Amino acid sequence: MPALDIELVPLLKDNYAYLLRDPASGATGVVDPSEAGPVLAAAAAKGWQITHVLNTHHHWDHTGGNLEIQRATGCTVVGPAPDRDRVPGIDMAVDEGERFRLGAAEAEIIFIPGHTRGHIAFWFEASRALFCGDTLFALGCGRMFEGTPAQMWSSLGKLRRLPGETRVFCGHEYTQANARFARTVDPGNAALAARAERIDALRAEGKPTIPSTMAEECATNPFLRADDPAIAAAVGLPATDPVAVFAEIRRRKDNF
Ligand SMILES: [Zn+2]
């Protein structure tokens, strides 16, 4: 089965939506459209007909374009079941472990609460693509607006178990600032230092840093590495309690 065609669409100040097209059927989804205009224009430029909106969570900067895209295209809006009351225009509510089909392409729904209580990811295994909204960022993770450190650490643990080759398509271009913070809690990590240099070079050219891979994130993202003794030592906590280490680095990032 051919992989999804994936097109990144920059929105607002630092949001990314993604257009996904199943080449076999022409079915086309858009992940987390904060606004409609640029998404409809990008789809038209490619000659793609939007059939689905895929929402990872209810925040307005991920769903603000839902209704206008739905009106313009008649598409089906897919979103997290626990947030069915908060996702504009939702037609199909999906939950942990369910399968969502975009034409011939199939995604597994992974329930990853913490940033919001109903947050989900869409994992298209055959296309090696994960759409994880505001839970996992390149070199970072989302703020815990509606969850606890234990919940967020558990959600990130689910993502960490995906194959290393999985491409990570997250909701925002926060990578350069995340890299600056990451180096304060993982100063001895050579892979992180090298990645930070690559990120600076990409941003200097105005290029996106997305997607990364899960292997890169596992090696360099401190929020996936709270059980690494070096990070625990850097924040002065015992390595035996990754939830406490995770909570501490999240707290430091909130104030960075
Ligand atoms: Zn959000």
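The analysis underlying the following values was restricted to heavy atoms, covering all of them including side chains, and did not include hydrogens, waters or symmetry mates. As the structure lists them, so they are numbered: ligands from 1, and atoms in each ligand from 1. All residue numbers in this chain count up from 1 along the given sequence. Just so you know, these numbers come straight off a predicted model, no measurement behind them.
- Of all heavy-atom pairs spanning Val245 and Pro238, the tightest one is CG2-O, 3.8 Å.
- Excluding waters, the set of protein N/O/S atoms under 2.8 Å from the Zn ion (ligand 1) reads His57 NE2, His59 ND1, His115 NE2, Asp134 OD2.
- We find the CG-CG distance between Asp5 and Leu20 to be 9.5 Å, quoted to the nearest 0.5 Å.
- Below 30°, between 30° and 60°, or above 60°: for Phe145 and His59 the angle between ring planes is above 60°, a perpendicular geometry.
- The ring-ring contact (aromatic ring centres under 6.0 Å, His included) analysis of residues 14-35, with sequence neighbours excluded, yields the pairs Tyr18-Phe131, Tyr18-Phe169.
- For Arg128, there are no side-chain hydrogen bond (donor to acceptor under 3.5 Å, both in side chains) partners two or more places apart in sequence or in a different chain.
- Applying the salt bridge (Lys or Arg N to Asp or Glu O under 4.0 Å) rule to Glu216 yields the partners Arg195, Arg198; only residues at least two apart in sequence or on another chain are considered.
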